[in-house]
There are 2 protein chains.
Amino acid sequence: MKNNKEIKKTGNIRIQSQHKIMIAASTEFVLQGFKGATVQSIADRAGLPKANILYYFKNKENIYHAVLEHTLQMWDEGIGDITPEDGPKAAIEKFIDAKVRMSFKHPESSKIYAMEIIQGAQHLKDFARTYQRKWVREKAQLFQQWIDNGEMRDVDPIHLIFLIWSSTQHYADFETQILTIMNRADYEDEDVEHVIAFLTDMILRGCGLN
Amino acid sequence: MKNNKEIKKTGNIRIQSQHKIMIAASTEFVLQGFKGATVQSIADRAGLPKANILYYFKNKENIYHAVLEHTLQMWDEGIGDITPEDGPKAAIEKFIDAKVRMSFKHPESSKIYAMEIIQGAQHLKDFARTYQRKWVREKAQLFQQWIDNGEMRDVDPIHLIFLIWSSTQHYADFETQILTIMNRADYEDEDVEHVIAFLTDMILRGCGLN
DNA sequence: ATAAAAGTTAACTATATGGTCAAGACCTAG
DNA sequence: CTAGGTCTTGACCATATAGTTAACTTTTAT
């Protein structure tokens, strides 16, 4: 009880502050990059004095790590799992649906992750990379089995995953460009559904599932 | 003659130095981002003293602008043109072929461009954005005509272009991740052909052209 | 041959920034 | 009420870095 309360009270302000800082930091990292985002700019955006930021995170790198980790975790949770029972059609539908929704809901996460990869994944821990390799290979194997069973066309499963990945992520990462091209200020709710429908249709057909 | 020689000689060293600097700068900008890339690091990579860099480019921003402009120009030249006579199949084939080859040949360009867009295209001149909108809309209209003529399935042409764009670009931008997943150190020549074949097959089929 | 132009570079400066510190405010438990 | 912890924050410092300058060398034009 006592311990509980301590966590509830003392922990709360810590969590809350850290959360507020991470939100602000995400924006700054997207806008300015890791080096370009200054602790001061993060502080300003979070509405806190700089020293307070450094009180909750030992240094800028730690903020970035926290943000990255949070991103990975969100990705991991958001991307529902695919099972052999799903069959190829449902699997692709689930996968596209989840990724597109995530792209539209958390574009900053996608952007930060993309920048990290583009720059060579210098801050990404080895285990994260290995984890992803395992994930992709596992899913690819599922697709391969469906192919072997004649449940879908014989397409390279690894590249199929890349295709889904890239085409869905694009709406987050290239938001600016896409909005410019569509001559719009913001995405709207219908866009999500439209994109899901479009991509699902195209890719299912590519796999001979339509 | 005199004038010619002057351009040939004097211009040469200028062009050569600028080129060398831009190559080095590209790498640094990809690796460290705009703010993270220091003039010194660019100088070191180019094998020149810092002051020499600043002699050829007034400041860091100018180096970045030159690199960006070069990238845009290359993209513009590399992406062959599509004409109404091509018909949808050849158009898609040409487009994918050109973009994939560019991704594998000049990944840094693709990366710099991607980072610029992700960060909100803060350095991109308005005319470049407008130009791209025009380009995409123009091509989309072509596809729309083919659709109206019953030459291909009725898919959203703008999103079709996004799909081709994203899936091809991905191999440049996410190089690091893709190599990790494929457990490889580098791309090989066959990869280009394989990717072209895979994407062309998938997307043509998606458009009902196969 | 020579003067002007172009190129090279070490040394310097001003500033921005990451991070520290210490003093004090504010909780919380007993 | 008070002692120990947590939180807050202005002031400070060391360093990294963009950009300048000025002296010097090399190239080019005539």
Side-chain angles (χ1 to χ4, degrees), chain A residues 1-68 122-123, chain B residues 1-68 122-123:
Chain A
M1 200 93 245
K2 171 182 69 179
N3 207 348
N4 195 339
K5 189 162 185 187
E6 199 204 22
I7 285 165
K8 218 176 182 177
K9 276 274 193 171
T10 315
N12 229 4
I13 195 160
R14 200 170 188 91
I15 300 295
Q16 270 188 325
S17 290
Q18 287 182 331
H19 189 77
K20 192 158 50 160
I21 293 165
M22 279 168 65
I23 302 280
S26 295
T27 308
E28 284 301 314
F29 285 137
V30 169
L31 252 32
Q32 313 291 344
F34 173 73
K35 202 68 194 298
T38 68
V39 178
Q40 187 62 60
S41 71
I42 294 169
D44 291 347
R45 192 174 286 273
L48 295 170
K50 189 179 73 160
N52 197 272
I53 306 287
L54 273 321
Y55 171 73
Y56 282 110
F57 295 90
K58 286 292 146 245
N59 52 42
K60 191 166 89 166
E61 185 122 347
N62 278 13
I63 307 176
Y64 185 68
H65 274 83
V67 169
L68 246 192
Q122 293 167 338
H123 301 261
Chain B
M1 201 90 242
K2 171 182 67 180
N3 207 348
N4 194 340
K5 188 162 185 188
E6 197 203 25
I7 286 166
K8 218 176 183 175
K9 276 274 192 169
T10 314
N12 229 3
I13 196 162
R14 199 171 189 93
I15 300 296
Q16 270 187 326
S17 289
Q18 288 182 331
H19 191 239
K20 192 157 51 161
I21 293 166
M22 281 167 64
I23 302 279
S26 296
T27 309
E28 284 301 314
F29 285 137
V30 169
L31 253 33
Q32 312 291 343
F34 173 72
K35 202 68 194 297
T38 68
V39 178
Q40 187 63 61
S41 71
I42 294 170
D44 291 348
R45 192 174 286 273
L48 294 170
K50 188 179 73 159
N52 197 273
I53 306 286
L54 273 321
Y55 171 74
Y56 283 111
F57 295 89
K58 286 293 147 247
N59 52 43
K60 191 166 89 166
E61 185 122 347
N62 278 11
I63 306 176
Y64 185 69
H65 273 83
V67 168
L68 246 192
Q122 295 167 336
H123 301 262

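In what follows, chains are A, B, ... by sequence order, proteins preceding strands, each numbered from 1.
- Side-chain contact between A/Q32 and B/Q122 is present, with heavy atoms from C-beta onward closer than 4.5 Å.
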Distances under 3.5 Å between protein N/O atoms and the N/O atoms of nucleotides 15-18 of chain C, please, pair by pair.
residue : atom : partner : partner atom : Å
C/dT17  : OP1  : B/K35   : NZ           : 3.4
C/dG18  : OP1  : A/K60   : NZ           : 3.2
C/dG18  : OP2  : A/V39   : N            : 3.0
C/dG18  : N7   : A/K50   : NZ           : 3.1

N/O donor to acceptor pairs below 3.5 angstrom from side-chain atoms of residues 41-57 of chain B, sequence neighbours left out:
residue : atom : partner : partner atom : Å
B/S41   : OG   : B/E28   : OE1          : 3.1
B/S41   : OG   : B/T38   : N            : 3.1
B/S41   : OG   : B/T38   : O            : 2.7
B/S41   : OG   : B/T38   : OG1          : 3.3
B/D44   : OD1  : B/Q40   : NE2          : 3.0
B/R45   : NE   : B/E28   : OE2          : 2.7
B/R45   : NH2  : B/E28   : OE2          : 2.9

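- Atom CG in A/N52 sits about 17 Å away from atom P in C/dC21, given to the nearest Å.
- The side chain of A/Y55 has D/dC7 as its nearest neighbour among C/dC21, C/dT8, D/dC7.
- Whole-Å rounding puts the B/I53 CD1 to D/dG19 P distance at 13 Å.
- Counting only heavy atoms from C-beta on, A/R14 has its side chain closest to D/dC7 among D/dT9, C/dA6, D/dC7.
- Rounded to whole angstrom, the span from the CD atom of B/Q32 across to the P atom of D/dA16 amounts to 15 Å.
- The nearest whole Å value for the distance from the NZ atom in B/K20 to the C1' atom in C/dG7 is 13 Å.
- Within the 4.5 Å cutoff, side-chain heavy atoms of A/F34 are placed close to those of A/E61.
- Of all nucleotides listed (D/dG10, C/dT9, C/dG7), C/dG7 comes nearest to the side chain of B/I13.
- Rounded to an integer number of Å, the gap from A/I15 CD1 to D/dT6 P is 14 Å.
- For A/E61 and C/dG19, the CD to P distance is 8 Å, given to the nearest whole Å.
- Taking CG of B/L68 as the start and CE of B/M22 as the end, the distance is 10.0 Å to the nearest 0.5 Å.
- Remark: P of D/dT20 and CG of B/N62 are 11 Å apart, rounded to the nearest angstrom.
- When the side-chain nitrogen and oxygen atoms of B/Y56 are compared with OP1 and OP2 of C/dT8, one or more of them lie within a distance under 4.0 Å.
- One atom, CZ of A/F57, and another, P of C/dT20, lie 15 Å apart when rounded to the nearest Å.
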